[in-house]
Number of protein chains: 2
Amino acid sequence: MPMARASTTNDVFNAIGEPKRRAILEQLVVQQMTVGELVDAMEWPQPTVSKHLKVLREVNLVAETRVGRFHYYRVKPDELRPVQEWIHQFEKYWGGALEQLDSYLIDIQNNGEKSD
Amino acid sequence: MPMARASTTNDVFNAIGEPKRRAILEQLVVQQMTVGELVDAMEWPQPTVSKHLKVLREVNLVAETRVGRFHYYRVKPDELRPVQEWIHQFEKYWGGALEQLDSYLIDIQNNGEKSD
DNA sequence: ATATCATATACCCATATAGGTATATGTAAA
DNA sequence: TTTACATATACCTATATGGGTATATGATAT
């Protein structure tokens, strides 16, 4: 009995892995919108929008405010900080794969062959 | 005939949506490693490591250098830039959801009706 | 050559999940 | 009330994919 894949959408990293969800966030960061306005902007079926909003809600990337029958959604940008911070640990290597190239050259000197 | 879900892993955003793949990148950014060294560090089965490395390779987040039977993997940090740049458009709103709250208050003052 | 090591890949399975349709829920208007 | 509207959700289907096992590939050593 194979142990199956783990759930994914329940964290911010995976939530923004979905292109449609990124598009929704890009819309909402400009201005808060109702679901219907999002449907018009995206030109996707309403359940599609609602379901992606649900995922975004569950990871706290959007917040909802109900006004009558309208549900206003807005981005909670702070929630993207963990992603930015995770990226940050790689930034110091940007533009220079040089240290790694160095150790690679040492490796092939110590071992012989190469490729790539 | 339901149109099924779209492929996801073939872009950087989704590649880093997988926790194991993030862990691999965190290891490799410290130092390049062979698959076997990664297996030892992660304590996952070797095929698991190899398959995640394949995904990371396909989105160009890691590069491979073969030295004899050893395959050295290293991070290509620059490839994370698109993610960082995408995040960047949200940074100006960090710490203050205030403007959005303002416009929300204005909206409900204007009786919450949506314009169409 | 043969054996061993390092890695990739093929295969299977279970499940998570995106997309679609229909319906439920909840609110406001007539 | 009844109707219309706004959104969420239940349901279904197809597929993408993570995890596991076994095997293939490829390189080195003996």
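These figures come from a predicted structure and were not determined experimentally. Reminder, nothing fancy here: chain letters follow the sequence lines and each chain counts from 1. Values reported hereafter were calculated over all heavy atoms of this structure, with side chains retained and with hydrogens, waters and symmetry mates removed.
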Checklist entry - Distance-only, no hydrogens or angles: does the Arg21(A) side chain make a donor-acceptor pair with backbone N or O of Ile16(A) under 3.5 Å? => result no
Next on the checklist: Regarding Pro47(B), tell me which of base, sugar-phosphate or nothing describes its non-hydrogen contacts under 4.0 Å with the strands shown.
Outcome noted: base
Item to check | Spacing of Phe70(A) atom CZ relative to dA4(D) atom P, expressed in whole Å | outcome: 17 Å
Checklist entry - Base, sugar-phosphate, or nothing for Lys51(A), non-hydrogen atoms under 4.0 angstrom? => result base
Next on the checklist: Could you tell me how far apart Trp44(B) (CH2) and dG20(D) (P) are, to the nearest whole angstrom?
Outcome noted: 11 Å
Checklist entry - Quick one: Asn10(A) CG to dA16(C) P, roughly how many Å, whole number? => result 10 Å
Checklist entry - Can you check whether Thr34(B) has a side-chain N or O nearer than 4.0 Å to OP1 or OP2 of dT7(C)? => result yes
Checklist outcome for this item: When rounded to whole Å, the CD1 to C1' distance for the pair Ile24(B) and dG18(D) reads 12 Å
Checklist outcome for this item: Residue set satisfying side chain to side chain contact (heavy atoms under 4.5 Å, CB included) with Gln27(B), at least two apart, ordered chain then number -> Met33(B), Leu38(B), Ala41(B), Met42(B)
Checklist entry - Does Lys51(A) have any side chain to side chain donor-acceptor pair (under 3.5 Å) partners at least two apart in sequence or in another chain, and if so, which? => result none
Next on the checklist: Please confirm whether the shortest side-chain N or O distance from Tyr73(A) to OP1 or OP2 of dA8(D) is below 4.0 Å.
Outcome noted: yes
Pairs: protein N or O with nucleotides 25-27 of chain C N or O, under 3.5 Å:
none

Checklist outcome for this item: Whole-Å distance, Asn14(A) CG to dA16(D) P, equals 16 Å
Checklist outcome for this item: Residues passing the ring pair (Phe, Tyr, Trp, His ring centres under 6.0 Å) test with Phe90(B), sequence neighbours excluded, are Trp86(B)
Item to check | Separation of atom CZ in Arg57(A) from atom C1' in dA8(D), rounded to whole Å | outcome: 8 Å
Checklist entry - By side chain to side chain contact (heavy atoms under 4.5 Å, CB included), which residues pair with Thr48(B), not counting sequence neighbours? => result Lys20(B), Trp44(B), Pro45(B), His52(B)
Next on the checklist: Run the side chain to side chain contact (heavy atoms under 4.5 Å, CB included) test against Arg57(B) and tell me which residues pass, sequence neighbours left out.
Outcome noted: Lys54(B), Val62(B), Glu64(B), Tyr73(B)
Checklist entry - Can you check the Lys20(A) NZ to dA16(D) C1' distance for me, whole Å? => result 15 Å
Next on the checklist: Taking only side-chain N and O atoms of His52(B), does any of them lie within less than 4.0 angstrom of OP1 or OP2 on dG19(D)?
Outcome noted: yes
Next on the checklist: What contact category does Glu64(A) fall into here, base, sugar-phosphate, or nothing, at under 4.0 angstrom with non-hydrogen atoms?
Outcome noted: sugar-phosphate
Checklist entry - When the distance from CD of Gln46(B) to C1' of dT25(D) is rounded to whole Å, what number comes out? => result 12 Å
Next on the checklist: Would Arg22(A) pass as a cation-pi partner of Phe13(B), given that its NZ or CZ must be under 6.0 Å from the six-membered ring centre and within 45 degrees of the axis?
Outcome noted: yes
